[in-house]
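Data first, discussion second: the structure below is written as structure tokens.
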Amino acid sequence: MQREQHPIIEAAGLRAELPEWARSDPTRRGHSERVAELLDGWAAELGLPERERVRWRAAGILHDALKDASIDELRSLAGPGWPDPVLHAPACAARLRADDVRDEGLLLAVAYHPVGHPDFDLLGEFMFMADFLEPGRASLTEERATLRARLPAERREVLVTVLAYRLNRLLDLRTGLMSSSVNLWNRLAES
């Protein structure tokens, strides 16, 4: 018998509801809803069952749930080793874990959605791409639209391209790279 989904996952995936601890303004909510729509569309095209589509939509709704929290709150939740611009991601995963969410694939997707991780499952890879490719982003609009149109069929190729965009931006800014990003790049380069 299949276990019921966690109430937070169900509320986010079925009704686009955030947990009471969320700190997400209306603009951010719009971004999250567009990410969830992308994820749901790709999950449907992949023929995933409804339960899995709920899980994917939930990841999209929840991934930036703490984006508008204070830096101090985010640091206390995220732990060491995370640059300030991405603290919201591991903080959100930590908060979900504290609420007894035990879906490790979803937690990894949420925690590493801005930087990538070599252990991503299918959800993690698509979450990473959806966050970058969602149609509300103001820059690279034609490039993003072209990449979106190639999904889900060309998953690996688009994943490499999205990761390259993100890494190149950090390199242009002379910003350090997280080892998880580099390890994802190396995994993709070796396959």
Side-chain angles (χ1 to χ4, degrees), residues 1-70 73-74 76-78 85-117 119-138 141 144-145 147-149 151-152 155 158-159 162:
M1 182 173 183
Q2 208 171 35
R3 220 177 118 241
E4 281 188 39
Q5 288 181 315
H6 191 283
I8 290 175
I9 302 306
E10 190 172 283
L14 291 176
R15 298 179 298 279
E17 293 175 7
L18 288 172
E20 50 92 53
W21 46 259
R23 304 287 179 270
S24 183
D25 70 24
T27 301
R28 184 81 46 214
R29 286 293 308 261
H31 161 74
S32 295
E33 289 169 5
R34 288 186 298 275
V35 168
E37 287 173 25
L38 278 179
L39 289 169
D40 186 49
W42 294 332
E45 286 185 58
L46 291 167
L48 299 181
E50 180 59 24
R51 179 181 173 83
E52 189 67 3
R53 288 178 63 189
V54 168
R55 180 176 173 257
W56 282 39
R57 288 190 304 266
I61 293 297
L62 294 167
H63 80 283
D64 277 352
L66 285 175
K67 185 73 174 185
D68 297 314
S70 73
E73 180 183 359
L74 295 174
S76 72
L77 289 165
V86 299
L87 281 171
H88 68 285
C92 185
R95 192 65 181 86
L96 289 167
R97 189 179 302 282
D99 280 349
D100 207 31
V101 172
R102 295 290 175 249
D103 182 335
E104 294 302 324
L106 183 141
L107 293 169
L108 192 68
V110 169
Y112 287 87
H113 77 267
V115 296
H117 196 283
D119 296 332
F120 272 161
D121 62 10
L122 198 59
L123 169 59
E125 289 181 0
F126 277 97
M127 177 75 241
F128 179 75
M129 291 184 286
D131 184 53
F132 181 81
L133 295 174
E134 74 93 347
R137 295 211 180 259
T141 53
R144 290 177 206 267
L147 291 169
R148 280 194 308 274
L151 289 169
R155 181 184 102 237
V158 174
L159 180 60
V162 168

- Query: Between Glu134 and Arg28, is the closest basic N to carboxylate O distance under 4.0 Å?
  - Reply: no
- Item | Contacts of type side chain to side chain contact (heavy atoms under 4.5 Å, CB included), residue Arg29, not counting sequence neighbours | Ala16, Leu18, Ser24, Glu33
- Message: As a quick check of understanding, evaluate side chain to side chain contact (heavy atoms under 4.5 Å, CB included) for Glu73 and Arg95, giving each step before the final call.
- Response: CA-CA 11 Å; Glu73 180 183 359; Arg95 192 65 181 86; over 6 Å; no
- Message: Show the nearest heavy-atom pair for residues Leu74 and Ala91, with the distance to one decimal.
- Response: CD2-CB, 3.7 Å
- Yes or no on side chain to side chain contact (heavy atoms under 4.5 Å, CB included) for Ile9 and Leu62, after CA distance, side-chain angles and deciding distance? CA-CA 9 Å; Ile9 302 306; Leu62 294 167; 3.9 Å; yes
- Does Asp131 come within less than 4.0 Å of Lys67, counting only side-chain N to carboxylate O? no
- Message: With a 3.5 Å distance limit and no angle check, can you tell me whether Arg57 reaches the backbone of Asp40 through a side-chain donor-acceptor pair?
- Response: no
- Query: For Glu37, which residues count as a salt bridge (Lys or Arg N to Asp or Glu O under 4.0 Å) partner, sequence neighbours excluded?
  - Reply: none
- Message: Using the side chain to side chain contact (heavy atoms under 4.5 Å, CB included) criterion, which residues pair with Leu46? Sequence neighbours excluded.
- Response: Leu48, Trp56, Leu122, Phe126, Pro152
- Message: Keeping Arg15 on the side-chain end and Gly13 on the backbone end, is there a donor-acceptor pair under 3.5 Å?
- Response: no
- Query: Are side-chain heavy atoms of Ser32 and His63 found at a separation under 4.5 Å?
  - Reply: yes
- Message: Assess the residue pair Arg97 and Glu104 against the criterion (salt bridge (Lys or Arg N to Asp or Glu O under 4.0 Å)); give the C-alpha distance rounded to whole Å, side-chain angles, the decisive distance to 0.1 Å, and a yes or no.
- Response: CA-CA 9 Å; Arg97 189 179 302 282; Glu104 294 302 324; 2.9 Å; yes
- Please examine the side chains of Leu151 and Leu133, heavy atoms only from C-beta on, and report whether any two atoms are closer than 4.5 Å. yes
- To the nearest 0.5 Å, what is the distance between CD (Gln5) and CD (Glu52)? 8.0 Å
- Item | Within 45° cone and under 6.0 Å: Arg137 NZ/CZ vs Phe132 ring | no
- How far apart are the C-alpha atoms of Met127 and Val110, what are their side-chain angles, what is the distance that settles it, and do they pass the side chain to side chain contact (heavy atoms under 4.5 Å, CB included) test? CA-CA 8 Å; Met127 177 75 241; Val110 169; 5.7 Å; no
- Message: Can you give me the closest heavy-atom contact between Val158 and Leu147, atom names plus distance?
- Response: CG2-O, 3.9 Å
- Task: Could you check Arg155 against Met129 for side chain to side chain contact (heavy atoms under 4.5 Å, CB included), going step by step and ending with a plain yes or no?
- Result: CA-CA 9 Å; Arg155 181 184 102 237; Met129 291 184 286; 3.9 Å; yes
- Can you list the steps and then say if His113 with Asp64 is a side chain to side chain donor-acceptor pair (under 3.5 Å)? CA-CA 9 Å; His113 77 267; Asp64 277 352; 3.1 Å; yes
- Item | Shortest non-hydrogen contact from Trp21 toward Cys92 | CH2-SG, 4.0 Å
- Verify, without hydrogens or angle tests, whether Asp121 (side chain) and Leu123 (backbone) share a donor-acceptor contact under 3.5 angstrom. yes
- Item | From NE2 (His6) to CZ (Arg55), nearest 0.5 Å | 14.0 Å
